[in-house]
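Below is one structure, written out as structure tokens; the observations come after it.
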2 protein chains.
Amino acid sequence: MSVRREPISRRDRPAKPALSRGWITETAVRIMREEGLEKVTMRRLAQELDTGPASLYVYVANTAELHAAVLDALLGEIDLTGRDGGEGWREQLRAVMRSYTLVLFQYPQLARSALVARPSGENYLRLVDRVLDLLSRSGAPREQVAWGVDKLLQDATATAAEQSARERDPAAEEEWSATVRAFGAAGADKHPAIAAHMPALVGGSPEERFRWSFDVLVNGIVGTPVPGAQG
Amino acid sequence: MSVRREPISRRDRPAKPALSRGWITETAVRIMREEGLEKVTMRRLAQELDTGPASLYVYVANTAELHAAVLDALLGEIDLTGRDGGEGWREQLRAVMRSYTLVLFQYPQLARSALVARPSGENYLRLVDRVLDLLSRSGAPREQVAWGVDKLLQDATATAAEQSARERDPAAEEEWSATVRAFGAAGADKHPAIAAHMPALVGGSPEERFRWSFDVLVNGIVGTPVPGAQG
DNA sequence: ACCTGAACACCGTTCAAGT
DNA sequence: ACCTGAACACCGTTCAAGT
């Protein structure tokens with residue numbers, strides 16, 4: 001009965017860790033932090049894990065699921081308490097939403113994938129649960145709260161996907177400039193309303209827009225009954 | 001001095017039309033209608049136009065710009081009058097937004113690309129101008145109207161990108177089911193708020209959600225001042 | 001059950017060379 | 001100026017074969 005030995009050549013390098021969903025996700029997160037989500041591909045990830053791409057399909061169904069797992073890992077960083085906001089439900093909710101937005105702003109490509117493939121991981125559930133809880137303290141009917149949470153999260157996700165794609169990606173920056181230029185060039189004859197609303201249309205800091213959007217949604221949600229629901 | 005002749009073999013097939021941005025876009029729209037946006041690639045498009053992919057780069061900077069051109073072509077189908085809605089600005093605005101939403105629902109992948117790379121074509125400008133005009137009839141201050149139009153269009157785009165990705169794409173359908181399952185499985189102990197809001201969280205028809213979202217946004221926009229602006 | 005090499009069927013974009 | 005063939009540097013996913 002002989003003792004199994006690693007070949008000597010392997011003793012120099014750290015042992016190759018066994019594949020597992022957790023290890024795959026961790027590695028994917030590392031690649032994303034270092035090089036961006038666009039580098040988190042099955043092939044690149046397999047290379048990093050010192051195996052072939054086919055091996056990953058034992059643990060991950062496809063690329064979309066991989067990206068969803070990465071997002072859920074990131075959502076673990078959100079401060080769910082909202083204690084920075086202060087005492088009231090509205091301030092705490094704003095703080096939680098800001099924390100969520102900030103995470104997505106750091107990884108805008110992740111926000112895009114969240115819009116398409118809705119996450120369903122543990123950290124996402126915790127976030128939804130907390131936002132529901134805070135918003136329900138407004139006293140609004142359950143249907144409004146349920147649909148309202150959807151809107152709040154969708155708004156933050158869409159804003160992150162859109163707004164902050166521009167910061168690193170020069171192509172996206174170019175598209176945004178094109179839009180700004182197009183608005184600016186809109187003549188008062190052909191597009192009078194655009195001309196009339198002009199600096200505001202493209203103005204405002206992300207922070208100002210965040211605050212205003214949040215208040216618009218919360219005011220609208222709390223004040224607008226769901227038709228057919230008992231208010 | 002000899003007369004140039006087309007080779008006889010060419011006389012059977014229709015003459016190959018000269019490349020141009022317009023013809024490229026038209027062809028791209030046709031491919032999208034027939035086979036979906038995912039088939040609208042530089043290579044596939046070049047094949048359809050009977051040339052090599054490199055030739056397209058004379059007219060189109062990259063794939064994102066190509067998709068933006070396709071979107072703008074589709075936006076030409078929107079009914080900007082809103083006359084289906086009735087008389088008031090709110091009803092007409094709702095009709096225009098519904099028309100926009102319906103176009104995007106037909107081509108959800110296009111909605112995704114619109115979120116990332118904001119369009120700046122002529123049809124998009126017309127849409128923005130009209131929505132600004134209608135919303136300004138609410139009497140809300142200019143800043144609110146300008147930022148509000150942004151929110152309305154973003155909401156419709158995000159909803160289309162999210163909701164209707166599920167209809168054709170089985171992978172997206174699977175992700176959505178996973179979310180529904182996760183919500184349903186959320187125990188009252190670990191996620192009490194999710195459990196408490198449960199059928200509503202995943203319920204409601206697209207039409208019900210559209211109407212409610214529209215009212216939430218319009219109510220919120222009209223009733224929430226932009227900080228620092230003269231109201 | 002888990003892992004793999006190899007293959008299939010694609011991508012976007014660039015560049016030197018042609019007309 | 002416009003167009004092209006060929007190349008570079010990648011993709012996701014499947015499958016038969018191995019352990």
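What you see below is based on every heavy atom in this structure, not just the backbone, and it leaves out hydrogens, waters and symmetry mates. On a predicted model such as this, the values are computed, not experimentally measured, just so you know. Chain naming here is simple, since letters A, B, ... match the order of the sequence lines and numbering starts at 1 in each.
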Handout entry: Distance, rounded to the nearest Å, where B:L49 contributes CG and D:dG5 contributes P
Key = 14 Å

Exercise for the section: Would you check if A:L71 and A:Y124 make a side-chain contact, meaning some heavy-atom pair closer than 4.5 Å? Expected result: no

Problem - A:Y57 side-chain proximity, nearest of D:dT13, C:dC11, D:dC3 - result: D:dT13

Handout entry: B:M42 side-chain proximity, nearest of C:dT4, D:dT14, C:dT13
Key = C:dT13

Problem - Residues A:D129 and B:K190 bridged, charged N to O under 4.0 Å - result: no

Handout entry: Short N-O contact, A:E38 and A:R44, less than 4.0 angstrom
Key = no

Exercise for the section: Would you mind reading off the distance between B:R21 atom CZ and D:dC2 atom C1', rounded to a whole angstrom? Expected result: 16 Å

Problem - Flag, side chain of B:W147 to backbone of A:A200, donor-acceptor distance under 3.5 Å - result: yes

Practice task
Would you kindly give the CG-to-P distance between A:D50 and C:dC2, to the nearest whole Å?
Solution key: 20 Å

Exercise for the section: From the options D:dC11, D:dC3, C:dC3, select the nucleotide whose nearest atom is closest to the side chain of B:Y59. Expected result: D:dC3

Handout entry: B:R30 with B:E26: basic N within carboxylate O range, under 4.0 Å
Key = no

Fill in the blank from the handout: From NE2 of B:H67 across to C1' of C:dC11 the rounded distance in Å is 12 Å

Problem - Nearest listed nucleotide, side chain of A:R44, among D:dT13, D:dC11, C:dC11 - result: D:dC11

Exercise for the section: Could you please name the option among D:dC3, C:dC11, C:dC3 that lies closest to any side-chain atom of B:R43? Expected result: C:dC11

Problem - Polar side-chain atom of B:R130 near backbone of B:T81 as donor-acceptor pair, under 3.5 Å - result: yes

Completion exercise
Of A:L56 and B:P53, the one whose nearest nucleotide on DNA chain C sits closer to the 5' end is A:L56

Problem - Pair assignment for DNA chain D - dot-bracket with | for other-strand partners, Watson-Crick or G-U under 3.5 Å - result: ||.|||||...|||||.||

Exercise for the section: Name the nucleic acid region contacted by A:T63, choosing base, sugar-phosphate or nothing; use a 4.0 angstrom heavy-atom cut-off, strictly under. Expected result: sugar-phosphate

Exercise for the section: Look only at the side chain of B:R209 and the backbone of B:G203, and say whether a donor-acceptor pair between them is shorter than 3.5 Å. Expected result: yes

Exercise for the section: Among the candidates D:dC11, D:dA7, D:dA6, find the nucleotide nearest to the side-chain atoms of B:A54. Expected result: D:dA6

